[in-house]
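Everything on this sheet refers to the single structure shown next.
Residues: numbered from 1 along the sequence shown. Just follow the structure's listing: the first ligand is 1, and inside any ligand the first atom is 1. FYI, side chains are in, hydrogens and waters are out, and symmetry mates aren't considered; it's all heavy atoms of this structure. Please read these numbers as outputs of a predicted model, since none were measured by experiment.
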Amino acid sequence: MRPLNVLGVGSSMRAGSYGTKTLKVVLDTAQKNEAKTRLIDLSIIRMPMFNPDLSMQPDKEIQKVTDDVNWADAFILVSPDYHGSMSGSLKNFLDYYWEEFAGKTFGYICTSHEKGLPVLDQMRTAFRHCYGWSLPYSVSVNGEEDFNEAGEIISSLLNKRLRMLARDLVVYGKLIRGQFLQDMSSETSDTFAARYRP
Ligand SMILES: Cc1cc2nc3c(=O)[nH]c(=O)nc-3n(C[C@H](O)[C@H](O)[C@H](O)COP(=O)(O)O)c2cc1C
């Protein structure tokens, strides 16, 4: 298979977001594992609140996001912990898509003072409803403890988990995407991918 296309989505609106910094580390490591990468920073690309009535007339900026989502074979999604939930901006991003996520692999990161486990579970549940495959673990980031004042990661454990996440996403993402595309192009009807044929 060609190199895996990995799309990172950062969903904090905060300048200097720990989550978005972490995402860049994962994407750099994915590149070292021979993936191609792109980044959507939802604090820069402001997606309007999803409205199903308007979804047939996407504007230029939304079309660019849609092109990136279609380009991606695998995703790294990052959310801050907001009241034990994923950020509104990530949920809004998700609401624009559904079938685009099928047969693709997802890795999750949450920035939180308390690990953000409910947030990570919600992300996994939401993307599973869109038939995305999730890595069986996620990464929690505690900004105040894991970063120094210059905005650099000082936790060797976090660094190790981010490298593992990037490597596993590329390896497992390739297997899942490769099989999904093969099933899409075969004529066998009793596969998960069969219903996604044009
Ligand atoms: C509206 C709001 C709600 C928050 N709720 C929680 C929470 O329930 N639990 C928690 O640990 N942190 C909570 N936080 C703190 C953020 O999750 C934390 O600062 C995180 O590191 C922000 O990530 P970022 O640096 O990527 O923006 C909240 C922050 C905001 C602004």
Side-chain angles (χ1 to χ4, degrees), residues 6-32 35 37-51 61-62 64-65 68-69 72 74-97 101 104-130 132 134-170:
V6 176
L7 180 63
V9 181
S11 70
S12 170
M13 297 289 124
R14 203 174 70 79
S17 155
Y18 296 120
T20 306
K21 284 190 178 122
T22 308
L23 177 59
K24 288 176 183 162
V25 173
V26 175
L27 293 179
D28 282 352
T29 312
Q31 278 179 25
K32 288 181 186 134
T37 65
R38 292 185 188 173
L39 167 65
I40 292 175
D41 181 343
L42 294 174
S43 72
I44 296 171
I45 297 183
R46 300 284 177 105
M47 297 178 79
M49 186 63 71
F50 176 68
N51 177 345
E61 202 143 45
I62 301 301
K64 164 83 177 83
V65 176
D68 285 346
V69 166
F75 292 76
I76 301 275
L77 303 174
V78 188
S79 179
D81 180 341
Y82 283 171
H83 311 311
S85 305
M86 74 176 95
S87 64
S89 59
L90 184 64
K91 182 61 172 61
N92 189 48
F93 162 80
L94 163 64
D95 291 345
Y96 276 83
Y97 306 105
F101 296 139
K104 301 183 178 182
T105 306
F106 291 76
Y108 308 104
I109 298 172
C110 179
T111 49
S112 173
H113 301 137
E114 42 198 355
K115 294 198 187 298
L117 299 180
V119 183
L120 293 161
D121 281 345
Q122 285 167 23
M123 289 160 80
R124 187 170 290 111
T125 299
F127 285 88
R128 194 256 298 152
H129 272 261
C130 305
S134 296
L135 289 180
Y137 64 87
S138 312
V139 176
S140 302
V141 179
N142 183 324
E144 282 77 22
E145 290 177 5
D146 294 337
F147 283 77
N148 64 17
E149 284 184 3
E152 298 155 340
I153 297 177
I154 50 168
S155 161
S156 54
L157 185 61
L158 176 61
N159 257 320
K160 190 172 173 211
R161 285 183 70 76
L162 294 175
R163 283 202 305 276
M164 177 174 77
L165 182 72
R167 182 269 176 198
D168 284 351
L169 187 78
V170 174

* **Test salt bridge (charged side-chain N to carboxylate O under 4.0 Å, His left out) applied to Asp146 - qualifying residues, sequence neighbours left out** =>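 So Asp146 forms no salt bridge (charged side-chain N to carboxylate O under 4.0 Å, His left out) with any residue.
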* **Contact check, side chains of Tyr96 and Val69, non-hydrogen atoms, under 4.5 Å** =>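 Counting from C-beta outward, Tyr96 and Val69 never come under 4.5 Å.
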* Check whether any side-chain heavy atom of Arg167 sits under 4.5 Å from a side-chain heavy atom of Thr29, and report yes or no. =>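 A side-chain contact is absent here, since even the closest heavy-atom pair is not under 4.5 Å.
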* **Test: Asp95 and Lys91 ion pair at under 4.0 Å** =>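 Lys91 and Asp95: salt-bridged.
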* Return yes if some donor-acceptor pair links the side-chain N/O of Asp68 with the main-chain N/O of Leu39 below 3.5 Å, else return no. =>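 Such a contact is absent between Asp68 side chain and Leu39 backbone.
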* To do: Using the six-membered ring wherever Trp is involved, compare the ring planes of Phe106 and Phe101 and label them parallel, tilted or perpendicular (cut-offs 30° and 60°).
  =>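 Perpendicular.
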* To do: Taking only heavy atoms of the protein into account, state which residues are under 4.0 angstrom from an atom of ligand 1, in chain and number order.
  =>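 Within 4.0 Å of ligand 1, the protein residues are Ser12, Arg14, Ser17, Tyr18, Gly19, Pro80, Asp81, Tyr82, His83, Gly84, Thr111, Ser112, His113, Glu114.
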